[in-house]
K.L.:
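Below is one structure. I have some questions about it.
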2 protein chains.
Amino acid sequence: MDQNPPRSPSVTVADVACKAGVSKATAARVLGGYGTVSDHVRDAVTAAARALDYQPNELARSMTTGRSGTIGVVVGDIENPFFSLAMRGITDVARQTGFTVILINSGEDAATEKSAIRTLLAKRVDGLIVSPAKESDADHLREAARSGRPLVLLDRGSETLDIDTVIADDRHAAEGITRRLIALGHRRIAYITACDTPEHRFRTPADINTGSVRRRIEGFLDVCLEAGLEDMEDWVHVGAVTPEHTHRIATVMLKSSRRPTAVIASDSVIGLEVFKVCRELGLTIPNDLSLVSFHDADWTSVTTPPVTVVRQPVYGLGEAAAKLLVERLNGNTAKATRVVLKTEVVERASVAAAPT
Amino acid sequence: MDQNPPRSPSVTVADVACKAGVSKATAARVLGGYGTVSDHVRDAVTAAARALDYQPNELARSMTTGRSGTIGVVVGDIENPFFSLAMRGITDVARQTGFTVILINSGEDAATEKSAIRTLLAKRVDGLIVSPAKESDADHLREAARSGRPLVLLDRGSETLDIDTVIADDRHAAEGITRRLIALGHRRIAYITACDTPEHRFRTPADINTGSVRRRIEGFLDVCLEAGLEDMEDWVHVGAVTPEHTHRIATVMLKSSRRPTAVIASDSVIGLEVFKVCRELGLTIPNDLSLVSFHDADWTSVTTPPVTVVRQPVYGLGEAAAKLLVERLNGNTAKATRVVLKTEVVERASVAAAPT
DNA sequence: TCTCACATTGAGACCGGTCTCAAATTAAAA
DNA sequence: TTTTAATTTGAGACCGGTCTCAATGTGAGA
């Protein structure tokens, strides 16, 4: 009696209209929730739709309306807790505002990022949130922005680009912790980042393609200079792209006769690895080495000693980016803004006076 | 001279065809890469497309082909390292095979999950990967499976459902660590999970709606029973849904006069919280309490002592699910399979003999 | 030179919705 | 009761691709 309805050829508005005995246009009005229809007809169409188990085709709808109800997100690595938390912020806002999220991992590779954006644009996303791997060649970003679909840059993005951006006040945070370390007597302070340069060596902040990191290093170097410390560029280590790389870099650095008395890790993955190397090398924190890490990862409070971190509003970063994007989607055409969220230093026990 | 081309009305095959002086059909053949065209015409169309900066509309293409090149993924919480790592596995496979991923967070809520699946189906995803929050009412899963679009269940999924599933051998892992704890003299062994029951109390594994966790608890209880330990159901704690909840549960449990001598944490977030509570309460691991956690989170090797964990092939779980789905998409119509990946116990220093 | 198979092209239907416009119906105003 | 305005409805174009089918052109074989 109640045999399974044939699923393959999905039911369309036309089918519903036919069953309800009205025109396609009228059925579409009821199903699409637009225009005006009499109560009598509405009931009939609704009943027919239910009977046929009508499922709207969002694709067809997007086709005519031009809006897909989708936002595209390109991040470096969703596996990184930083991005997964930011992603949570984005998806939460998206869900609340009725959008759906397409996620693409760039693997921090500029070429992949480029094709990702092209793919998303082809899929007609309504807007984009991108955490650009490299800022040097940003043509694809400009192009995306020019395509008419709003674009928001997340955590990164250079000052020269006239594009909406949401970042944390990394520079200020770096200045703060650097000052603190110097006040405690540290003179040999290392900074380790995943960002790499062509020669795998650091010369000047301009080498750094990632805005957030560049700003931190600028802050670090400026405060050092203020305090009379020179050539601190030599203490900046780049290329800690994987835990293995970090391990190698940290080991060489900490085994050196002129090893640093303090280390600033540019993210929690690096911080964790430095912590491990210290243990391997028998260095005690904070007596032999002070450690500060960016990103308040969950584990940082539970080590011995717990590590002092820069707490970034990561969820808020994603949330703000998504909100800004949705505003644009709703027609806000004010000129590009730059949202800067506050960071906070969480003092724990991995920082102490420099050994004498 | 080279003024910006008007972007708003995007260029279509018709525009390109017109410029190239051929019919729409022919231009579409070149642009879409199907049918046969003469070299002469191909060059003309390609040139016209380049001149006009033609960008194909993937939406329109999906409309007629019926394939969107998209797979939908529904997970409990992308912020959880477990899911973010699995997600990495999924996106990697998707990219390699030319698919794009739409991500929706269910927040482990059955209703949200239901509407998420509906949304994805409406957007005409080619296939679905879902990590179902509850297995009790799986009507929406059956419906999705019946819609003709392939569905793969990730990490969870009951035996009764005739749907492709990728899981880890949780039961085996739980049996192993329980045996080990019992062999070390532990008799009071607690199991803490985020899964909740209506009465917030545990009676029988059938109460547990999440397959992976249910299988673990079954393994745990079976081994206990084998060893002659009875009423171990009382030692299973449910409802550790947030760190705050976990903190409360662990505190009450560990302050009790008949406190456990060993704890099994069902995921790394819970494990971390138990670790914190021990520290607050002045309990030393492993002398006062042995701790084992599921999920080899990065921090577990760096605490004092490092914690013994069950290493699940999380990335592999996502990878396998995506590969299975892609196979289905390519026409594999064999009957539903169940992929079970091996786990591995990583012995560290948080487990010792039970205090006498 | 004529026939036939095959390669190339164009016209137009189609996917499943939205939306414009005019016709038909109904209610309100004169 | 007639005029005018407002409300409902249907017919059909449209979005931007794909794809079928028939028409045309070309070279090989008879």
Side-chain angles (χ1 to χ4, degrees), chain A residues 7-46 48-49 52-70 119 121-126 147-148, chain B residues 7-46 48-49 52-70 119 121-126 147-148:
Chain A
R7 294 271 176 171
S8 314
S10 57
V11 299
T12 70
V13 278
D15 299 328
V16 175
C18 182
K19 170 138 189 148
V22 298
S23 76
K24 184 184 154 197
T26 304
R29 272 188 270 261
V30 177
L31 268 15
Y34 57 89
T36 63
V37 208
S38 68
D39 292 351
H40 170 249
V41 170
R42 167 170 291 109
D43 293 346
V45 172
T46 310
L52 261 34
D53 189 27
Y54 167 76
Q55 303 281 57
N57 184 333
E58 217 46 68
L59 244 44
R61 187 168 291 171
S62 308
M63 181 90 255
T64 41
T65 59
R67 308 194 95 207
S68 63
T70 306
T119 302
L121 251 24
K123 290 210 183 281
R124 294 300 191 262
V125 293
D126 291 335
S147 80
Chain B
R7 294 272 176 171
S8 313
S10 57
V11 300
T12 71
V13 279
D15 299 329
V16 175
C18 182
K19 169 136 189 151
V22 298
S23 76
K24 184 185 153 196
T26 303
R29 273 188 269 261
V30 177
L31 268 15
Y34 57 90
T36 63
V37 208
S38 68
D39 292 351
H40 171 249
V41 169
R42 167 169 293 110
D43 292 348
V45 172
T46 310
L52 261 35
D53 189 28
Y54 167 76
Q55 304 280 58
N57 184 334
E58 220 43 73
L59 243 44
R61 186 168 291 172
S62 309
M63 181 89 257
T64 42
T65 59
R67 307 195 95 206
S68 63
T70 307
T119 302
L121 252 23
K123 290 208 184 281
R124 294 298 191 263
V125 293
D126 291 334
S147 80

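Labels below follow one simple rule: chain letters A, B, ... track the order of the sequence lines, proteins then strands, and each chain is numbered from 1.
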K.L.:
Quickly work out the A:Leu59 CG to D:dT18 P distance and round it to whole Å.
P.N.:
14 Å
K.L.:
What's the closest nucleotide to the B:Thr64 side chain, out of C:dG16, C:dC15, D:dT8?
P.N.:
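Of the options given, the side chain of B:Thr64 lies nearest C:dC15.
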K.L.:
Would you kindly give the OH-to-P distance between A:Tyr34 and D:dT7, to the nearest whole Å?
P.N.:
19 Å
K.L.:
Does B:Arg124 get its side chain close enough to the base of C:dG16, under 3.5 Å, for a donor-acceptor pair?
P.N.:
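Flag unset: no donor-acceptor pair detected.
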K.L.:
Between C:dG17, C:dG10, C:dC14, which nucleotide gets closest to the side-chain atoms of B:Thr26?
P.N.:
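When the side chain of B:Thr26 is considered, C:dG10 is the closest of C:dG17, C:dG10, C:dC14.
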K.L.:
Please state how far atom CZ in A:Arg67 lies from atom P in C:dT18, giving the value in whole angstrom units.
P.N.:
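Spelled out: CZ on A:Arg67 to P on C:dT18 is 15 Å.
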K.L.:
Expressed as a whole number of angstroms, how long is the span from B:Lys24:NZ to D:dT20:P?
P.N.:
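It is 15 Å, rounded to the nearest whole Å.
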K.L.:
Considering only heavy atoms from C-beta outward, does the side chain of B:Arg124 approach that of B:Ser62 to under 4.5 Å?
P.N.:
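No, side chains not in contact.
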K.L.:
Go through D:dG16, C:dG17, C:dT9 for me and flag the one nearest to the A:Thr12 side chain.
P.N.:
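Within the option list, the nearest is C:dG17.
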K.L.:
Is the shortest heavy-atom distance from the side chain of A:Asn57 to the side chain of A:Thr12 under 4.5 Å?
P.N.:
no
K.L.:
Where is the tightest heavy-atom contact between A:Ala20 and A:Ala44, given as atom of each residue plus distance?
P.N.:
CB-O, 4.0 Å
K.L.:
If every non-hydrogen atom of B:Val11 is compared with every non-hydrogen atom of B:Leu52, which pair is closest and at what distance?
P.N.:
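Scanning both residues, the minimum pair turns out to be CG1-O, 3.7 Å.
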K.L.:
How close or far is atom C1' of D:dG17 from atom OH of B:Tyr54, stated in whole angstroms?
P.N.:
7 Å
K.L.:
Nearest of C:dG10, D:dT9, C:dG17 to any side-chain atom of B:Ala25?
P.N.:
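That would be C:dG10.
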K.L.:
Taking atom P of D:dC15 as reference, at what distance in whole Å does atom CG of B:Asp15 sit?
P.N.:
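Atom CG in B:Asp15 sits about 10 Å away from atom P in D:dC15.
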K.L.:
Rounded to whole Å, how long is the line connecting atom CZ of A:Arg61 with atom C1' of C:dG17?
P.N.:
7 Å
K.L.:
C:dT9, OP1 or OP2 - any side-chain N/O from B:Ser38 closer than 4.0 Å?
P.N.:
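For B:Ser38, the contact criterion (side-chain N or O under 4.0 Å from OP1 or OP2 of C:dT9) is met.
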K.L.:
Do A:Asp43 side-chain atoms and A:His40 backbone N/O form a donor-acceptor pair below 3.5 Å?
P.N.:
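Flag not set: sc A:Asp43 to bb A:His40 has no pair under 3.5 Å.
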K.L.:
Given C:dA11, D:dC15, D:dT9, identify the nucleotide with an atom nearest to the side chain of B:Ser23.
P.N.:
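Selected nucleotide: C:dA11.
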K.L.:
What's the closest nucleotide to the side chain of A:Ala28 if the choices are C:dC19, C:dT18, C:dC15?
P.N.:
C:dT18
K.L.:
Quick one: B:Arg42 CZ to C:dA7 P, roughly how many Å, whole number?
P.N.:
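Answer to the nearest Å: 14 Å.
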K.L.:
So does A:Arg29 reach the base of C:dG17 with its side chain, donor to acceptor, closer than 3.5 Å?
P.N.:
no
